[in-house]
Amino acid sequence: KHSILMVDDIEFNHKLAHSVLDELYDLREAYSVKEALEKIKEETPSLILLDVVMPDSDGFELLKNESHEYTQKMQAYFYNEFLIYKASKK
């Protein structure tokens, strides 16, 4: 299975994602950008779903991070309650 890392501070969004994606993907969770960076270092996901607004920082901070090879060329989907935005970094 391909893996998806979901980065969101809201538990309901994680539950919703699991209900939709669990059968097809290995869905991993992070509740902050810091936790997401740790999980990326453990195992590189196929895709990252990022909440735009979180208490500690926003999803764009993860995209700007240069500390891991994956974050230098990753593809991610950012979302909030109004939009979904695809971001590529190469």
Side-chain angles (χ1 to χ4, degrees):
K1 282 184 178 182
H2 289 284
S3 64
I4 295 175
L5 176 61
M6 181 170 184
V7 186
D8 195 316
D9 61 310
I10 299 173
E11 178 68 30
F12 176 80
N13 293 340
H14 287 275
K15 289 181 181 181
L16 180 62
H18 275 289
S19 70
V20 174
L21 301 171
D22 265 351
E23 290 186 30
L24 300 171
Y25 301 98
D26 174 23
L27 185 60
R28 298 184 306 138
E29 301 176 327
Y31 289 84
S32 67
V33 169
K34 181 181 176 186
E35 184 182 1
L37 287 168
E38 292 170 7
K39 295 207 179 232
I40 290 168
K41 289 176 185 174
E42 292 170 12
E43 181 183 336
T44 303
S46 304
L47 176 72
I48 298 178
L49 298 175
L50 288 163
D51 187 2
V52 174
V53 180
M54 291 182 284
D56 67 332
S57 65
D58 60 40
F60 295 107
E61 290 301 314
L62 181 61
L63 193 64
K64 292 178 194 174
N65 188 286
E66 301 286 342
S67 67
H68 187 275
E69 178 183 323
Y70 180 76
T71 60
Q72 295 175 24
K73 59 181 191 274
M74 74 176 171
Q75 292 196 23
Y77 284 88
F78 293 92
Y79 63 89
N80 67 18
E81 59 271 17
F82 303 111
L83 64 92
I84 296 175
Y85 173 78
K86 181 179 180 184
S88 296
K89 184 176 176 184
K90 295 182 182 184

Is F12 reachable from Y31 through a run of hydrophobic residues whose side-chain heavy atoms are each under 4.5 Å from the next?
-> no
Indicate, with yes or no, if M6 and L16 share a hydrophobic cluster defined by side-chain heavy-atom contacts under 4.5 Å among Ile, Leu, Val, Met, Phe, Trp and Tyr.
-> no
When rounded to the nearest 0.5 angstrom, what distance separates CG in D9 from CD in E35?
-> 11.5 Å
CG on D51 to OG on S32, rounded to 0.5 Å = 11.5 Å
Taking side chain to side chain contact (heavy atoms under 4.5 Å, CB included) as the test, write out the residues that go with Y25, two or more places apart.
-> H2, I4, L21
Mind listing the closest non-hydrogen atom pair of [X] and [Y] along with its distance?
X	Y	answer
V7	A36	CG2-CB, 3.6 Å
R28	K39	NH1-O, 3.4 Å
D8	I10	OD1-N, 2.8 Å
P45	S3	CA-OG, 3.1 Å

Other residues, nucleotides, ligands: >12 heavy atoms within 6.0 Å of E11 CD =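 Correct, the count exceeds 12.
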Please step through side-chain contact (heavy atoms from CB on, under 4.5 Å) for the pair I48 and I40, ending with a clear verdict.
-> CA-CA 10 Å; I48 298 178; I40 290 168; 3.7 Å; yes
Side chain K1, main chain D22, donor-acceptor under 3.5 Å | yes
